[in-house]
Amino acid sequence: MNLIMMILLISTALSMALATVSFWLPQMSPDSEKLSPYECGFDPLGSARLPFSLRFFLIAILFLLFDLEIALLLPLPWGNQLPNPTDTLLWATTILILLTLGLIYEWLQGGLEWAE
């Protein structure tokens with residue numbers, strides 16, 4: 001119990017010290033370079049607050065969705081080692097069918113078209 005209390009005390013003290021130093025360490029004098037939007041080293045060409053295309057946002061969300069599908073299917077080879085691998089295959093097939101139906105729906109709605 002004494003070791004756990006010592007570890008908690010040290011980690012709390014270290015966290016508080018680092019948080020306190022992080023507030024005082026940075027310079028608090030912003031200049032025009034720090035306040036300007038970052039555009040890969042070029043001079044800013046326009047406002048950084050311009051709206052962007054909702055189609056680009058939709059494509060990005062769909063990419064994240066299908067990227068998540070891969071993360072959900074990664075444990076599939078280990079799932080085949082279970083006593084009943086048909087359950088694993090059933091869940092993987094369900095995920096793939098659901099996401100395929102979602103992709104077909106987006107395709108039919110025209111959500112994947114870049115130009116109108």
Side-chain angles (χ1 to χ4, degrees):
M1 187 67 173
N2 194 12
L3 178 64
I4 294 174
M5 288 301 291
M6 188 59 99
I7 290 173
L8 286 175
L9 181 67
I10 290 173
S11 63
T12 304
L14 185 61
S15 300
M16 295 298 278
L18 289 174
T20 305
V21 167
S22 71
F23 281 114
W24 283 317
L25 192 60
Q27 296 176 353
M28 295 297 181
S29 58
D31 56 359
S32 63
E33 291 295 323
K34 287 183 182 177
L35 295 176
S36 67
Y38 177 71
E39 295 197 18
C40 302
F42 297 105
D43 291 330
L45 301 176
S47 174
R49 303 287 185 246
L50 292 175
F52 60 94
S53 171
L54 286 178
R55 292 200 182 270
F56 174 77
F57 183 71
L58 178 65
I59 297 292
I61 293 295
L62 286 174
F63 173 76
L64 288 175
L65 178 71
F66 287 103
D67 195 36
L68 179 64
E69 167 197 354
I70 294 171
L72 288 174
L73 294 177
L74 276 177
L76 189 60
W78 290 282
N80 287 334
Q81 307 293 329
L82 295 174
N84 193 2
T86 55
D87 290 341
T88 306
L89 183 63
L90 176 70
W91 284 110
T93 306
T94 304
I95 290 171
L96 286 174
I97 289 173
L98 183 66
L99 287 172
T100 303
L101 289 175
L103 179 64
I104 291 170
Y105 176 76
E106 284 293 328
W107 196 327
L108 293 177
Q109 292 296 319
L112 300 176
E113 301 287 333
W114 278 107
E116 293 181 14

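We number each residue from 1, following the sequence as shown. This structure is a prediction, so every number in the text was calculated from the model and none was measured.
We find the CG-CD1 distance between Leu9 and Ile4 to be 13.5 Å, quoted to the nearest 0.5 Å. The line from CD1 of Ile95 to CG of Leu90 is 10.0 Å long, rounded to the nearest 0.5 Å.
One hydrophobic cluster holds both Trp107 and Leu65 under the rule that ILVMFWY side chains link at heavy-atom gaps under 4.5 Å.
Checked against side-chain hydrogen bond (donor to acceptor under 3.5 Å, both in side chains), Thr12 has no partners two or more places apart in sequence or in another chain. Here Thr93 pairs with Leu89, Ile97 under the side chain to side chain contact (heavy atoms under 4.5 Å, CB included) rule; sequence neighbours left out. Residues forming a side chain to side chain contact (heavy atoms under 4.5 Å, CB included) with Ile104 (at least two apart in sequence, or on another chain): Thr100, Leu108. Among residues two or more places apart in sequence or in another chain, the side chain to side chain contact (heavy atoms under 4.5 Å, CB included) test is passed with Leu103 by Phe66, Leu112. Every residue two or more places apart in sequence or in another chain was checked for a side-chain hydrogen bond (donor to acceptor under 3.5 Å, both in side chains) with Asn2, and none qualifies.
Residue Leu18 qualifies as enclosed at atom CG: its count of foreign heavy atoms under 6.0 Å is above 12.
Hydrophobic side-chain contacts under 4.5 Å tie Met16 to no other Ile, Leu, Val, Met, Phe, Trp or Tyr residue.
Within the 4.5 Å cutoff, the side chain of Leu3 has heavy atoms near those of the Ile7 side chain.
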